[in-house]
Amino acid sequence: MYIQVALPVPLRQLFSYLPAADQPLPQPGCRVEVPFGRQSMVGVVVTISDHSDLPDNKLKPIDRGLDPAPVLDDTLWQLSRLAARYYCSPIGMVLNQLLPVKLRQGESAQPQPIKLWQLTEAGRRADLDGLKRAFQQQRLLAYLQTQTQIADGDVSKLEFSRQALKALADKGLIEAGERALSFDTDWHQQVTLGETPQVLNREQAVAVAAISGDLDHFGAYLLEGVTGSGKTEVYLHLMEPILRAGKTVLVLVPEIGLTPQTIERFQRRFPVPVGVLHSAMNDNERLQVWQQAQAGALGIVLGTRSALFTAMPKLGMIIIDEEHDASFKQQEGFRYHGRDLAVMRAQLQQVPIILGSATPSMESLYNVASGKYKRLQLTARAGVAQHVKQRIVDLRLQNLDAGLSRQLLEKMEQHLEAGNQVMLFLNRRGFAPALLCHECGHLHGCSRCDAFYTVHQGSGMVQCHHCGSQKRLPHQCHECGSTQLFTQGVGTEQLEQALVQRYPQYPVVRIDRDTTSRKGSLNQLLEKIRRGEARILIGTQMLAKGHHFPDVTLVGLLDVDGALFSADFRASERLAQLYIQVAGRAGRASKPGEVILQTHQPDHPLLHQLTTQGYGPFADAALKERMDAMLPPAGQMAIIRAEATYANQAQQFLNDANHCFDALPIQRVGPMPAPMERKAGKFRYHTLLLANDRKHLQQALEHALPRIEQLPSAKRCRWHLERDPQDLL
Ligand code: ADP
Ligand code: ZN
Ligand code: ZN
């Protein structure tokens with residue numbers, strides 16, 4: 001017998017091993033530890049076969065089996081295979097992505113007891129005053145005297161000191177202990193509602209009826225409705241019968257949408273165990289959620305992209321909120337699209353999947369047009385929220401104050417004086433996007449990228465936002481030595497300064513990567529906004545999505561013109577989605593809202609269509625354009641990207657790669673330089689591969705990739721292939 005193992009290496013093959021002499025034969029789906037080169041690796045058994053391409057004396061036995069039973073259920077197995085095939089990724093890399101990090105590292109898949117610290121008898125009787133001089137110990141002991149124990153994993157989370165812990169243990173006041181993890185797998189025997197649901201409006205009722213008529217089969221539904229139209233309420237209504245039937249629900253939300261409010265909303269309606277998965281969790285916490293879900297101890301799993309791979313044996317429904325969001329696309333390693341794999345999973349498990357959005361992706365609209373998805377629309381805002389007034393402000397020949405036009409400033413004053421909040425959106429962090437020499441015209445650029453340095457005044461640095469390199473803010477021009485250096489353009493930092501000066505009476509909060517880099521700082525700022533302590537909110541993309549601020553009545557977009565001229569065919573779709581998202585921040589509650597879009601292109605048809613007709617007509621037109629040009633989603637696309645120290649290495653490789661597609665029904669566009677040709681010291685080129693149908697592209701890739709991998713020129717650059725690229729920059 002030979003064991004065929006998938007290993008997390010970028011090679012398109014399985015690896016044969018012999019069984020270990022004294023151990024039972026591991027089943028497919030179980031992890032094994034195997035020797036690989038000089039190291040040992042954790043892999044997953046794919047098949048057991050009775051032949052091997054290599055002679056026995058070349059094969060090594062596995063070191064040990066790690067699982068008594070498969071760690072991946074049938075669905076996840078099949079999903080991995082489909083995904084590996086579709087994304088042309090080695091199965092080992094896919095499986096590696098699927099499993100929680102701890103399992104990739106070989107840790108037990110069975111729940112382990114939780115290590116904890118508890119009071120001893122002496123500790124219970126100890127007098128806190130005795131520790132007056134050891135504040136940390138006193139604080140920890142005080143905590144334990146009320147809580148009796150603390151999980152080891154919570155020690156640093158609750159900001160207790162390890163030293164204090166050890167000191168208390170040495171004094172015999174506390175001792176190490178264990179608690180078995182108890183999983184509540186009986187939650188489904190009594191599912192009650194934690195609150196009374198809203199009475200649905202007509203459109204909501206239609207949507208709920210359309211989907212709940214067929215809960216036992218696969219069906220994909222696009223639930224289209226502007227922010228505040230009641231999509232979440234529809235999800236909650238649909239989940240009720242699923243949970244009552246003892247089945248579970250997987251809810252995927254964008255990176256930025258997983259706020260405490262979102263979690264609380266689901267938890268408030270359904271007091272069932274909810275597992276939350278997001279990128280800020282540590283590997284142990286993730287493993288625990290995964291184990292609970294696999295054991296059936298969670299009614300709802302709520303998470304970002306990779307939560308999609310949670311084992312859920314009794315899955316009854318998948319919901320993807322903000323399905324158009326770019327964060328569902330994994331941009332490195334195994335580059336998959338979470339939405340597309342979720343649809344595949346729903347199909348495999350024969351459950352309905354609901355894709356919700358105010359601004360559906362072209363992909364989903366195309367699937368509606370071709371009859372694969374059913375479209376349900378919520379056109380009215382639920383509850384009391386009213387429609388917003390929208391207006392374009394022509395910036396041409398205007399004098400601007402930190403990027404703000406006279407009209408916008410006037411509006412801001414009106415709204416602020418009325419006691420409301422104003423939100424300004426500027427997708428450019430830092431003080432200014434460039435530093436210009438007034439004497440010779442030199443713009444200070446990054447030496448490793450085709451990009452200018454961004455000025456960060458607060459930190460006194462210039463920074464390249466593409467490679468991260470930074471240095472002290474220069475006082476003299478690098479070219480001519482002049483000290484007349486001026487900043488060009490406006491970033492959020494400058495905008496904040498200007499507003500603080502102009503309106504000292506209205507507190508300003510800025511939300512961007514720079515103000516939120518410390519853990520917890522984003523939530524603090526959001527809290528401040530919610531409490532009404534901030535009146536003017538400034539932010540990049542981060543502020544645009546997902547947050548509900550009922551007192552914001554005016555939203556200003558300062559500068560979005562860049563997207564109108566992008567080299568990326570998706571740029572206009574993204575701008576439209578962003579615009580609608582941002583506009584949706586205005587007037588959520590009972591107050592009417594206003595949106596002002598500043599532009600130097602007031603006559604641009606896209607901006608007109610968006611502000612006068614909304615997303616729907618824009619999307620129809622954009623989809624038609626894509627179909628005419630056979631661009632995705634109508635046509636099929638993959639990209640081969642290469643980067644190298646010298647431009648000709650990347651070009652040579654891509655030229656050679658192009659030949660591997662000769663005589664195949666594939667259109668090749670390239671090699672061409674990436675829009676930013678040099679980044680972090682490397683030259684970057686790419687080739688687009690286009691086909692009219694999926695099968696052609698699939699077959700071509702399967703034919704060509706093994707050949708491309710063998711090309712001598714492939715060794716002289718870093719390259720990868722990506723299916724359905726979302727980003728051509
Ligand atoms: P979305 O998810 O589309 O942004 P929500 O479901 O969050 O919309 O609904 C927006 C607001 O309207 C929420 O406060 C919600 O409680 C309320 N709401 C939703 N549906 C109804 C309804 N049928 N009747 C009254 N209020 C509703
Ligand atoms: Zn100069
Ligand atoms: Zn750089």
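Counting convention: from 1, in listed order, for ligands and their atoms alike.
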ask   = Heavy-atom contacts under 4.0 Å between Gln198 and ligand 1: side chain, backbone, both, or neither?
value = side chain
ask   = Has Cys446 got an N, O or S atom lying less than 2.8 Å from the Zn ion (ligand 3)?
value = yes
note = Within the 4.0 Å heavy-atom cut-off, what Glu203 brings close to ligand 1 is neither
query = Do the side chains of Phe270 and Leu236 get nearer than 4.5 Å, heavy atoms only?
reply = yes
ask   = Between Val289 and Leu298, which heavy-atom pair has the shortest distance, and what is it?
value = O-CD1, 3.7 Å
ask   = How about His478: does one of its N, O or S atoms come closer than 2.8 Å to the Zn ion (ligand 2)?
value = no
message = Is it the case that the side chain of Arg428 and the backbone of Val490 share a donor-acceptor pair, with hydrogens and angles ignored and the cut-off at 3.5 Å?
response = yes
query = Any idea which atoms of ligand 1 are less than 4.0 Å away from a heavy-atom of Val226?
reply = 3 (O)
request  = Identify the two heavy atoms, one from Gly356 and one from Tyr235, that lie closest to each other, and give their separation to 0.1 Å.
outcome  = CA-OH, 3.3 Å
task = Run the numbers on Arg684 and Glu677 for salt bridge (charged side-chain N to carboxylate O under 4.0 Å, His left out), then give the verdict.
result = CA-CA 5 Å; Arg684 307 152 75 229; Glu677 184 174 350; over 6 Å; no
ask   = Does ligand 1 have any atom sitting under 4.0 Å from a heavy atom of Ser229?
value = yes
task = Between Asn201 and ligand 1, find which residue part has any heavy-atom pair under 4.0 Å and reply side chain, backbone, both or neither.
result = backbone
ask   = Is atom CZ of Phe486 surrounded by more than 12 heavy atoms (other residues, nucleotides or ligands) closer than 6.0 Å?
value = yes
query = Which angle, to the nearest 10 degrees, do you find at the Zn ion (ligand 2) between SG in Cys440 and SG in Cys437?
reply = 110°
Sidechain N-carboxylate O distance under 4.0 Å for Glu233, Arg265 = yes
query = Any N/O/S of His438 under 2.8 Å from the Zn ion (ligand 2)?
reply = no
query = His444 vs His478 aromatic rings, parallel, tilted or perpendicular, using cut-offs 30° and 60°?
reply = perpendicular
ask   = Do any N/O/S atoms of Cys464 come under 2.8 Å of the Zn ion (ligand 3)?
value = yes
ask   = Does Cys480 put an N, O or S atom under 2.8 Å from the Zn ion (ligand 2)?
value = yes
query = Does Asn420 offer a backbone N or O that forms a donor-acceptor pair with the side chain of Arg535 under 3.5 Å?
reply = yes
message = Would Val199 count as a polar contact of ligand 1, with the cut-off being nitrogen or oxygen pairs under 3.5 Å?
response = yes
ask   = To the nearest 10°, what's the angle at the Zn ion (ligand 3) between atoms SG (Cys467) and SG (Cys449)?
value = 110°
Atoms in ligand 1 flagged as close to Leu200, the criterion being non-hydrogen separation under 4.0 Å = 23 (N)
